[in-house]
Protein chains: 2
Amino acid sequence: MNIGEAARASGVSAKMIRYYESIGLIGSAVRTQAGYRVYEEADVHTLRFVRRARDLGFSVPQIETLLALWRDRSRASADVKQVALAHIAELEARMRQLKQMADTLRHLADNCCGDGRPHCPIIEELSEGAEAASSRSPHASARR
Amino acid sequence: MNIGEAARASGVSAKMIRYYESIGLIGSAVRTQAGYRVYEEADVHTLRFVRRARDLGFSVPQIETLLALWRDRSRASADVKQVALAHIAELEARMRQLKQMADTLRHLADNCCGDGRPHCPIIEELSEGAEAASSRSPHASARR
DNA sequence: GTTGACCTTGCCATCATGGGAAGGTGGATG
DNA sequence: CATCCACCTTCCCATGATGGCAAGGTCAAC
């Protein structure tokens, strides 16, 4: 099957299949004489694995690890669990950051009349900046 | 004051100050004869505003809007609030995505013994893919 | 033999940020 | 005055995962 069909069958775009091949996440596909990539059912299976891992927010390096564990029939489930738990921790850290931003903003917005007058605690916070708004070290860039 | 001092005073890196100038988020700094950028207290104040907005997760276009509102002494606080609420909604949407990923993973990890044996529900989910794991439309890419 | 759908590679863009190179400035010290 | 170090300048590159577009080759059907 050609790349387009593999893309439809796996839910991974043709573009991304080529990309995954280029970075070595998946093996190089067999080519026809004309240079077309050819895929088997097993490849589609792998691609679906990758897509599901992406849907769960795993990064490409993590997926590399997961693929290796998948293929390793003598893997220890502890190794898989470790990757998963590390990722959960990462997701939770990101959630905490977002939550802190949202909470701060929500608090400010709740105190903003939202009418036609210029007075606004949101703008004030940004310009005068109560650094101590929430337990945050002075310049800890809470970005991303 | 030079860019380095402005960076230290505002918490925005010199690199980013130049970047913000290049994209027009902040005005072009006055230059010395030698081409050095020169900053006043007011500029540092603006930079701090930008940094705080970034810390709250606002994108550059949103900060552009916020800066304009800040400078507009006849602004309507409703306009500021609208920007803030839209951003809160965005943050919450991202949190929901992350939460769904984390919940799914947590569930799988809870069912993984995490011992030396190969059997692992996490790997199984990825390879066999119970698409119906959590209310998620068939191929709704839950990406970012 | 033409057409249309598909494939190939390659480059560009995203978004905010950092790194580094090559070269000019400025002030302090020998 | 020469030297040195810290600073400044611009320019290019990289990130991560993804999409878009363009120019050109392939294939199958009609």
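Reminder, nothing fancy here: chain letters follow the sequence lines and each chain counts from 1. What you see below is based on every heavy atom in this structure, not just the backbone, and it leaves out hydrogens, waters and symmetry mates.
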**Q.** Sequence neighbours excluded - ring pair (Phe, Tyr, Trp, His ring centres under 6.0 Å) pairs with any residue from residues 92-121 of chain A
**A.** none

Q | ring pair (Phe, Tyr, Trp, His ring centres under 6.0 Å) partners of residues 76-105 of chain B, not counting sequence neighbours, each pair once | A | B:F58-B:H87

Q. Who pairs with A:K99 by side-chain contact (heavy atoms from CB on, under 4.5 Å), at least two apart in sequence or on another chain?
A. A:D103, B:M95

Q. Under the side-chain contact (heavy atoms from CB on, under 4.5 Å) test, which residues partner A:D72, sequence neighbours left out?
A. A:S74, A:R75

Q: Give every residue pair that meets the side chain to side chain donor-acceptor pair (under 3.5 Å) criterion with at least one member in residues 57-67 of chain A, sequence neighbours excluded.
A: A:S59-A:Q62

Q. For the helix from C:dG1-D:dC30 to C:dG30-D:dC1, how many degrees between its two end axes (five pairs per end), to the nearest 10°?
A. 40°

Q | Any pair counted as salt bridge (Lys or Arg N to Asp or Glu O under 4.0 Å), so long as it reaches residues 106-123 of chain B, sequence neighbours left out | A | A:E92-B:R106, B:D115-B:R117

Q) At their closest point, which heavy atom of A:V60 faces which heavy atom of A:L25, and how far apart are they? A) O-CD1, 3.9 Å

Q: State the CZ-CE distance between A:R96 and A:M101, to the nearest 0.5 angstrom.
A: 13.0 Å

Q. For residues 29-39 of chain A, which residues have at least one heavy atom under 4.0 Å from DNA chain D?
A. A:A34, A:Y36

Show every donor-acceptor pair shorter than 3.5 Å between a side-chain atom in residues 39-47 of chain B and any protein atom, with sequence neighbours excluded, or say none if there are none.
residue: B:D43; atom: OD2; partner: B:E40; partner atom: N; Å: 2.8
residue: B:H45; atom: NE2; partner: A:S127; partner atom: O; Å: 2.8
residue: B:T46; atom: OG1; partner: B:A42; partner atom: O; Å: 3.2

Q: With DNA chain C as reference, determine whether A:I3 or B:F58 sits nearer its 5' end, using the nearest nucleotide of each.
A: A:I3

Q: State whether B:R54 places a side-chain N or O below 4.0 Å from either non-bridging phosphate oxygen (OP1 or OP2) of C:dT17.
A: yes

Q) For the pair made of OH in B:Y19 and P in C:dA16, what is the distance, rounded to whole Å? A) 5 Å

Dump the pairs, protein N or O against N or O of nucleotides 11-14 of chain C, anything under 3.5 Å, distances to one decimal.
none

Q: Would you please name every residue forming a side-chain contact (heavy atoms from CB on, under 4.5 Å) with B:R31, sequence neighbours left out?
A: B:E21, B:R37

